[in-house]
Engineer: 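Sharing a structure with you now.
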Amino acid sequence: MIRLLTHLVAKDLRRKARAPLGLLIVLSFPVLFAGMIALAFGRGGDAIPKVRMLVANEDEGALGGVLASAFTARQAARVFETRTVGAGTGLDLMEHGKASALLLVPKGFTEDLLDGRPVSLRLVRNPSEGILPEIAEQTVGTLVDVLEGSRRVLDAPLAGLRPLLTSGDRSPSDDEIVAISLLVKRALERSGGLVFPPTITLESELLGNLPSTGEDSKEKGAGTPTIFLLILPGVAVYAIFLVGDQAMRDVMTERTLGTMRRQLAGPVTVGAYVVGKAATTAVLCLLALLVLTVVGALALRQPVSVTAFLAVSLALVVAITGTSALIYGVARTERQASTLSSIVYLAMAFVGGSFFRLEGLPAALRAIAPFTPFYWATQGYREVLEDGAGLRGVIPHVAVLVAIGVVLLTVGGSALHRAARRGAAA
Amino acid sequence: MIEAHGLVKSFGSLRAVDGVSFQVRTGELYGLLGPNGAGKTTTMSMLAGLLDPDEGRILFDGIDLAARPLAVKQQLGIVPQEPALYEMLSASENLRFWGGLYGLSGRDLASAVDRALQLVGLSDRAREPVRAFSGGMKRRLNLALGLVHGPRAVLMDEPTVGIDPQARLNILESVKNVTATGTTVIYTTHYLEEAEELCDRIAIMDHGRILAEGTLEELIRRVGGREMVTVRGGFAPEALRPVVAALPGVTVTAEDPGRVVLTIEGSGRGAVDVLARVLGAGLEIDGVSVQPPSLNMLFLTLTGRELRD
């Protein structure tokens, strides 16, 4: 049996080797796609460029300082490289293209805000910096919303705080702090239902369940991810699914050629034929993974856990083989199968976060994501590549992928068996 | 060697094969002759183990195909109607794959491949990819693939359909070479000349049944002592019928506008008498042909239509 399977797989690989264009196109897709996205950031495969943020704070109150210091907070520091400058220097630096964006906080910002007078912040963006100024704009917009909301909710406590906010010279007494704290507490209790509606809490929990956001500090290393690295895993997973699809499509091709019928008239059982095609699909996917791994390793030079990477890869191959077997077992014609696989793979890649970060998808789609093998494979690779996870960190991903693969392979193999019998009798 | 007993196969309401039985002896070239739709290919599919018969059974050297399909298939060679080849591979690679599938390897496989290529005259094109082959060459390679593992019996399903006369001659020559090695062959065709030229015994099939079976001589003897006269011209068939009705032993076997086929019992002056009566009746005649007893005549007698219809 093993000899027969080896013979069948070797023949299919030889045929693919004689007409490699389709596979090469599919394999080049993730590299080109990730490369183009990386180029859009202007720095190819370098680490993600930080937003070079200039803050010119002319306000003498505390709120201007809060706004300025928000860009240097621990989390923001991963994205922003912030420098405090005078307005003139800032504009000069911007004109010379030395920064992504300049935030100008006007004089009297804190007082005007506390008095309820209209205030305006000015953000100057550098158009040559791609999407980096957009990140700055979105962040400043969020900060403005937070400040505006806080001012409305905490109106009474702020009145008590005002002397402290408008002048940084005086320290509050213990009594003042207690009184203000009580005012803040009551204000928050009154508006709690509005400011923290239950839906936000629910969404927060969902994000907390995502493996990519789970805490695993012992295993997570931490190199700075690159644009290439952010894009490549998801698109590569999609490409490997396409490779699997091409390999399994051979069931239809051989039916058309008459070679399937001829093999089944020889000493090949339908079961051996189906297993042979599944084995060819798995081998081709592994070869494709190897190619992408080599390309990725050369481009990224990122140290990763080899066992974790291998585990995710092997599990992915099982899932791909199962999925493609089901599609080609169900479809009656090559065109049907081609259309079905295009729709299914594209939809699963989109929903599973292969093309976009899950965090950027609507909550409804995020809820569906874990039902797709794309999600588990993409997240698994991201765990390994971005967060430096070891084997322990990807066990859930591997387990789910294998489970999906085994179930689909069982159902799909049976469907494929029936399809092959139909083809032999036709 | 190969026995088919009461084979029946239906597709929905269509009974494609309806009680077919025959026996093929070792080393014999047995022909299944019949028009398209006669049930030849369905019969071959059942013999190849690709279709399960609804009724009946197939024995290969006493082994039941349904009970031990792999044991039987291992000793069979298949030559399908349409070439089933891997076009991206060379002729030699195709042969190596199919030979290997039947368990050949190493030197045995290499010599089997050489032998098969030689048999079909493709030795000098062995390394070329099949996609570069002409239709006739593909047919020859298709034949070689069914022979590479040295089967004891080969099923050839209309291997000459749709090819030019020269390629057809090459294929027929190769088939003769195969039978010269003592290999048993079941050969389906709808070409009378092929059946007459190649087959040791012939079964005439139509509508899923075997209508007659025997050697060429035996079959022709069934229509022996008869002549088939075809009269062509610009007359209505019904105008000719009363003219010849009075002649003894003459029956109208088939008729089309402008053509009537008559069967005349006995030989000798029958055709001359027919011609004289037709001319005497003033019918406009373009031509008259007389055929000696043949398979076509037998088929016409058995079915009321010619094999070429």
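Just so we're on the same page: letters track the sequence lines, and every chain starts at 1.
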Engineer: Measuring from Y328(A):OH to S341(A):OG, what's the distance to the nearest 0.5 Å?
Structural biologist: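 With rounding to 0.5 Å, OH (Y328(A)) is 4.5 Å from OG (S341(A)).
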
Engineer: Under a 4.5 Å heavy-atom cut-off, does chain A meet the side chain of P83(B), its backbone, both or neither?
Structural biologist: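 For P83(B), the contact with chain A is made by the backbone alone.
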
Engineer: What residue, out of I78(B), L155(B), L101(B), has the most heavy-atom pairs lying under 4.5 Å from chain A?
Structural biologist: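 Most heavy-atom pairs within the cutoff with chain A belong to L101(B).
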
Engineer: Minimum heavy-atom separation for L95(B) and A116(B), please, with both atom names.
Structural biologist: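 Closest approach of L95(B) to A116(B): CD2-CB, 4.1 Å.
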
Engineer: Just by modelled atom types, is the V317(A) backbone N or O under 3.5 Å from a matching donor or acceptor in the T321(A) side chain?
Structural biologist: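 Checking the backbone N and O of V317(A) against the side chain of T321(A), a donor-acceptor pair under 3.5 Å is found.
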
Engineer: What part of L264(A) lies closer than 4.5 angstrom to a heavy atom of chain B: side chain, backbone, both or neither?
Structural biologist: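 Both backbone and side chain.
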
Engineer: Show the nearest heavy-atom pair for residues I2(B) and A153(B), with the distance to one decimal.
Structural biologist: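 Scanning both residues completely, I find the closest heavy atoms to be CD1-CB, 3.8 Å.
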
Engineer: What residues form a ring-ring contact (aromatic ring centres under 6.0 Å, His included) with Y238(A), not counting sequence neighbours?
Structural biologist: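 Partners of Y238(A) by the ring-ring contact (aromatic ring centres under 6.0 Å, His included) criterion, ordered by chain and then number, come out as F29(A), F355(A).
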
Engineer: For the residue pair L145(B) and V148(B), what are the closest heavy atoms and their distance?
Structural biologist: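 Closest approach of L145(B) to V148(B), heavy atoms only: O-CG1, 3.6 Å.
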
Engineer: Might you work through the side chain to side chain donor-acceptor pair (under 3.5 Å) test for D245(A) and S324(A), ending with a clear yes or no?
Structural biologist: CA-CA 6 Å; D245(A) 179 67; S324(A) 55; over 6 Å; no

Engineer: Let me see the donor-acceptor pairs closer than 3.5 Å between chain A and chain B, or none if nothing turns up.
Structural biologist:
| unit_1 | atom_1 | unit_2 | atom_2 | d |
| --- | --- | --- | --- | --- |
| R3(A) | NH2 | L104(B) | O | 3.4 |
| H7(A) | NE2 | F97(B) | O | 2.7 |
| H7(A) | NE2 | L101(B) | N | 3.3 |
| K11(A) | NZ | Y86(B) | OH | 3.0 |
| R18(A) | NH1 | E93(B) | OE1 | 2.6 |
| R18(A) | NH1 | E93(B) | OE2 | 3.2 |
| R18(A) | NH2 | E93(B) | OE2 | 2.6 |
| E254(A) | OE1 | Y86(B) | OH | 2.4 |
| R261(A) | NH2 | S45(B) | OG | 2.8 |
| R262(A) | NH1 | A84(B) | O | 3.4 |
| R262(A) | NH1 | N142(B) | OD1 | 2.5 |
| R262(A) | NH2 | I78(B) | O | 2.9 |
| R262(A) | NH2 | N142(B) | O | 2.7 |
| Q263(A) | NE2 | Y86(B) | OH | 2.7 |
| L264(A) | O | K73(B) | NZ | 2.7 |
| R421(A) | NH2 | D52(B) | OD2 | 3.3 |

